[in-house]
Every structure is written in C-alpha cells, then in structure tokens.
Number of protein chains: 2
Amino acid sequence: MTGNTPADSSGPNQARRSATTRAAILDAARERFAADGYERATIRAIARDAHIDPSMVMRYFGSKEGLFAAAVTLDLRLPDLTRIPRDEVGRALVDHFLGLWEGNEDLTAVLRVGATNEAGAERMQRIFREQLLPATRQVCPDPEQVPARAALCAAQLLGLALTRYVLRLPPARELTYQELLAWLGPTVQRYLTAPNP
Amino acid sequence: MTGNTPADSSGPNQARRSATTRAAILDAARERFAADGYERATIRAIARDAHIDPSMVMRYFGSKEGLFAAAVTLDLRLPDLTRIPRDEVGRALVDHFLGLWEGNEDLTAVLRVGATNEAGAERMQRIFREQLLPATRQVCPDPEQVPARAALCAAQLLGLALTRYVLRLPPARELTYQELLAWLGPTVQRYLTAPNP
DNA sequence: TACCGTTGCCAACAAGCGTTGACCAACAAG
DNA sequence: CTTGTTGGTCAACGCTTGTTGGCAACGGTA
C-alpha cells in the first residue's frame, strides 16, 4: 500500500539500468505464478530465477501482491466482433482464444491463481466484466441476455483452458487446433447467437 | 505411507468413540480444502474447526497428504448410460453433474486443489480416466474417438463448475438449473454422439 | 576531491507451517 | 491395586515464508 518503489517509471528520461532487472523479475514471476499458483510461487524462488536477491523484489514491487499485480496484467485483445460475419463469431472467438493461450503463460497464471486466491478470483471477474461482456454485447441481440450468454462462453473456453493447460488431461492436450476449432466453434456460436433454447 | 492409524477400521466390532472425532476432522477438512485449496488449508485451521488438537490430525491420518486423500474421495456415481435413450444422454449427464455439484463440496475441493497441486491434478486425471472415460465408451460409436469426446465433455462440464463454483462469476451463478440444462445439454450431446464435425 | 542517489547483497526478523514426542485422564482387564 | 490401551492436550522442533534494515560498491555531478 506504500507504493514508494524506487524505480518508478514516472520520470521522463530515466533510462535506468534497473529496467533490465525489473523485466527479469517480471519474467520470472510470470513463469512461477503460471507454473505454481500464487501460494507456491515464492519470492525467493522468483528472485533465484531472476539472479538477484529476494529483497530486491520487495524494493521494486513493495510486496508479493504488488509483484503479482504488476506481473500478471491480462489484456485479451478481443477483436472487433462487429467486423466479423455474424455466423462466424463463434469460430473467430475460439480461434482468438486458442492463439492467445498457446503463446501466453499469463493466462495460465491468472487462471491458476483465480482458482486458489480470493483476489485472483476477483481479478478474473473483472476481466470477464470489462472485456468479455462488452465483446458479447456486440453480437448478442437481446441486451438482457448478454451476461448469461457471455458466462456460457466463458465456461466453455475456460473449461478447455483448465483441462488442457492446467489439469493437463492427456486427451485434452492431444486435440489439434483444427479439431478444437471445429468442435468448440459451433458451441460458442450457439451460445452467442442462437435463440433461446 | 506408514498407514498405522490407531483408529483403523479394519477391526470387526470396534465401535470406537473416535469415529465421531474422525468424522469431525474429515468434515472440517473437506470444507477447508474446498474453500481454500490445498496450501492455504492448514492442519491447524482444520483442527480448530473440529475442536481438537492439530496433533490428533496427524495421529489419525499420518500427514496432510494423507488427510487430503482420506477426506476428498470422489465418486461421480455416473449412471448407466446404456439405459438412457441415445439422444438424451447429453442432457442426462449435465443433469447428473449439476445435481452432484450443488450438494457436494468435495467437487469444489478436488477442482481447486487440482488447479494448484501437482498431486491434485493427477487425482483429477485419474477420475477422468477411471470414471468419465468408461461412461463415454458406453455411448460413443467409434472407440478411437472416445478420449477426445470425453475430454470435450470434461472441458464443458468442468468449465461450468469453474466459473460457477470456484471463480463465482455472478452471471454464471445466476443461471438457473433449467437454463443450464437447456444450454449445456445439447452441447454435451453433440460432443458425445454427433458425427465428426 | 567530496557528495549522493541508485543498485545490489547479506543477515536477520517474526510468524506460520507440518510434524513429533512427552505427558495425562479415563477405563477395562488381570 | 496394578497394568495397558485409547483419546486427547501441550509444548516444542526444524523449516520456510514474506519482509526489513544495514552496509558495500558504483556512477554521475559539483
């Protein structure tokens, strides 16, 4: 809560050498949080990965929570769904999410932490509210149904991420990109645009 | 691994008073594991909930891992799918899972722990392999496709559980039993019995 | 030269963890 | 009355955790 980090980037021309260390800490933190979750990812281990002293982590980020907040920022970068043919938005969304998960361990981190930590769950709720909900609003006819339909999409997409990247169920890992697209695309499409079942 | 618990139930007519305490510990453990996950659920807190000394937990269950293994045993009690009309198995499965989740915090515990702990993830994999896979085999035409189809069902069902009971996304909580049945039933049905997409 | 902020390591702190062993009350059997 | 088993408490162990403060170098600036 103090927030007095010494390497604050508010200065205009501060091309400090600390930026390197800061980035190394953030990289190590992302990796550890994704692999171990919040509790098991220790500051000491993160510092060891970044080849610096644990106390440096505190100086740069104030606390473990501060480090997590700084390391795991999640922007889904959802595309503008109004520019996609109405009957392809499901497939497009699945495609987008798959590409996102494959190359970004932040998503695994945020999901893993969301499952254990209360603050992590709230962060997850905010991502849902501020990013997935508006995107759903672009394609869903009845505004009143937007939250429910977005929740259904989230359940399907996060369920895949859970089984494939967190629990690592072998059959979920063996599904190819094309297969996932073909199976999940119509599901999400239906959740978004189908009339009430 | 020692297994020398004093209150071993192998004896025939041992109606020990310890059974009460043992049950109290297991109840408290289930609740804590479900609410906090493996790491944050401490033996001390569980003992406090059960109104006994932490050392008793060790005497009864050997270790924290032993306690978790004893407390969280998961039997999905999947119905015999061959006795259900082929075009209703999806809806039946969703119905079964929803009923299971609502009254059983073990499922939340095993999911939460599976997301953080490596042993928890393996436990999840075994549940999938030994319970969901055989059930899928009962309704899926091509044996070769069974693992993939089961994985898709698991993704959808666990995704719902994740968003509704673990992350507690408000829109996911506000969906009624009937709505979930109507939305997810056809999805699972398609994953199980539809021809390749 | 002297200064001073920055970057970093080191050693330690208090707290909490899982776990252990000594001890005690009750009670049944001999 | 002794003896042994059972159900239970208490205090402590060794360890790890997040976190803190002191101290040593470096690198500009005056």
Side-chain angles (χ1 to χ4, degrees), chain A residues 1-26 28-29 32-33 36-71 113 116-117 119, chain B residues 1-26 28-29 32-33 36-71 113 116-117 119:
Chain A
M1 285 294 175
T2 55
N4 47 0
T5 61
D8 202 284
S9 62
S10 57
N13 55 355
Q14 294 199 359
R16 298 249 166 272
R17 294 301 169 209
S18 70
T20 311
T21 307
R22 190 183 163 88
I25 296 176
L26 288 177
R32 283 283 178 177
F33 281 131
D36 301 336
Y38 187 81
E39 341 282 338
R40 293 175 54 119
T42 69
I43 286 192
R44 284 170 152 92
I46 292 169
R48 206 177 312 126
D49 290 358
H51 304 289
I52 46 96
D53 192 85
S55 62
M56 293 304 294
V57 178
M58 304 301 296
R59 277 245 274 263
Y60 274 64
F61 300 99
S63 68
K64 187 179 181 180
E65 280 206 24
L67 172 62
F68 178 74
V113 174
T116 21
N117 197 268
Chain B
M1 286 293 177
T2 55
N4 47 1
T5 62
D8 203 287
S9 61
S10 57
N13 55 355
Q14 294 198 359
R16 299 247 165 274
R17 294 300 169 210
S18 70
T20 311
T21 307
R22 192 184 162 88
I25 296 175
L26 288 177
R32 283 283 178 178
F33 280 130
D36 300 337
Y38 187 80
E39 341 282 339
R40 293 175 56 118
T42 69
I43 285 193
R44 285 169 150 92
I46 292 169
R48 205 178 312 127
D49 290 357
H51 304 290
I52 45 95
D53 192 87
S55 63
M56 293 304 294
V57 179
M58 305 300 296
R59 279 246 276 261
Y60 274 64
F61 300 99
S63 68
K64 186 179 181 180
E65 281 205 23
L67 171 64
F68 178 74
V113 174
T116 22
N117 198 267

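Order of the sequence lines sets the chain letters (A, B, ...), proteins ahead of strands, with each chain counted from 1. The figures here come from the full heavy-atom set of this structure, side chains too, leaving out hydrogens, waters and symmetry mates.
Atom CZ of A/Arg59 sits about 11.5 Å away from atom OG1 of A/Thr21, to the nearest 0.5 Å. Interatomic distance, CG of A/Asp36 versus OG1 of B/Thr116, reported as 10.5 Å (0.5 Å rounding). To the nearest 0.5 Å, atom CD of residue B/Glu39 and atom CZ of residue B/Phe33 are 9.5 Å apart. To the nearest 0.5 Å, atoms NZ (A/Lys64) and OH (A/Tyr38) are separated by 5.5 Å. Taking CG of A/Leu67 as the reference point, atom CD1 of A/Ile25 lies at 7.5 Å (rounded to 0.5 Å).
Across all their heavy atoms, B/Met58 and B/Ser63 have their closest contact at CE-CA, 3.8 Å. Of all heavy-atom pairs spanning A/Ile46 and A/Ala28, the tightest one is O-CB, 3.6 Å. Among all heavy-atom pairs drawn from A/Ala47 and A/Asp53, the shortest one is CB-C, 3.9 Å.
Listed pair A/Thr21 / C/dG8 meets the phosphate criterion, a side-chain N or O lying under 4.0 Å from OP1 or OP2. For B/Tyr60, no side-chain nitrogen or oxygen approaches OP1 or OP2 of D/dG7 to under 4.0 Å.
Following rounding to the nearest Å, B/Ile52 (CD1) and D/dC10 (C1') show an atom-to-atom distance of 14 Å. At whole-Å resolution of the value, CE in B/Met56 and P in C/dC23 are 18 Å apart. In this structure, A/Asp36 places its CG atom 16 Å from P of D/dT16, rounding to the nearest Å. Atom-to-atom, NE2 of A/His51 to P of C/dC10 comes out at 15 Å; the value is rounded to the nearest Å. Regarding A/Arg59, its CZ atom lies at a distance of 14 Å from the P atom of D/dC23, rounded to whole Å. As rounded to whole Å, 14 Å separates atom C1' of D/dT19 from atom CG of A/Leu67. We find that CZ of A/Arg32 is positioned 15 Å from C1' of D/dT17, with the value rounded to whole Å.
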Discussion item. Let's go through B/Arg44 and B/Val57 carefully: what are the C-alpha distance in whole Å and the side-chain angles of both, what is the deciding distance for side chain to side chain contact (heavy atoms under 4.5 Å, CB included) to 0.1 Å, and is it a yes or a no?
Written reply: CA-CA 9 Å; B/Arg44 285 169 150 92; B/Val57 179; over 6 Å; no

Item to complete: Run the numbers on B/Asn117 and A/Arg40 for side chain to side chain contact (heavy atoms under 4.5 Å, CB included), then give the verdict.
Response: CA-CA 9 Å; B/Asn117 198 267; A/Arg40 293 175 54 119; 3.3 Å; yes

Dump every N/O contact between nucleotides 24-28 of chain C and the protein below 3.5 Å, one line per pair.
none

Got a list of protein N/O to nucleotides 15-20 of chain C N/O distances below 3.5 Å?
residue : atom : partner : partner atom : Å
C/dG18  : OP1  : B/Ile43 : N            : 3.3
C/dG18  : OP1  : B/Lys64 : NZ           : 3.2
C/dG18  : OP2  : B/Ile43 : N            : 3.2
C/dG18  : N7   : B/Arg44 : NH1          : 2.5
C/dG18  : O6   : B/Arg44 : NH2          : 3.1
C/dT19  : OP2  : B/Lys64 : N            : 2.8

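Each end of the helix from C/dT1-D/dA30 to C/dG30-D/dC1 gets its own axis from five base pairs, and the two axes differ in direction by 30°, given to 10 degrees.
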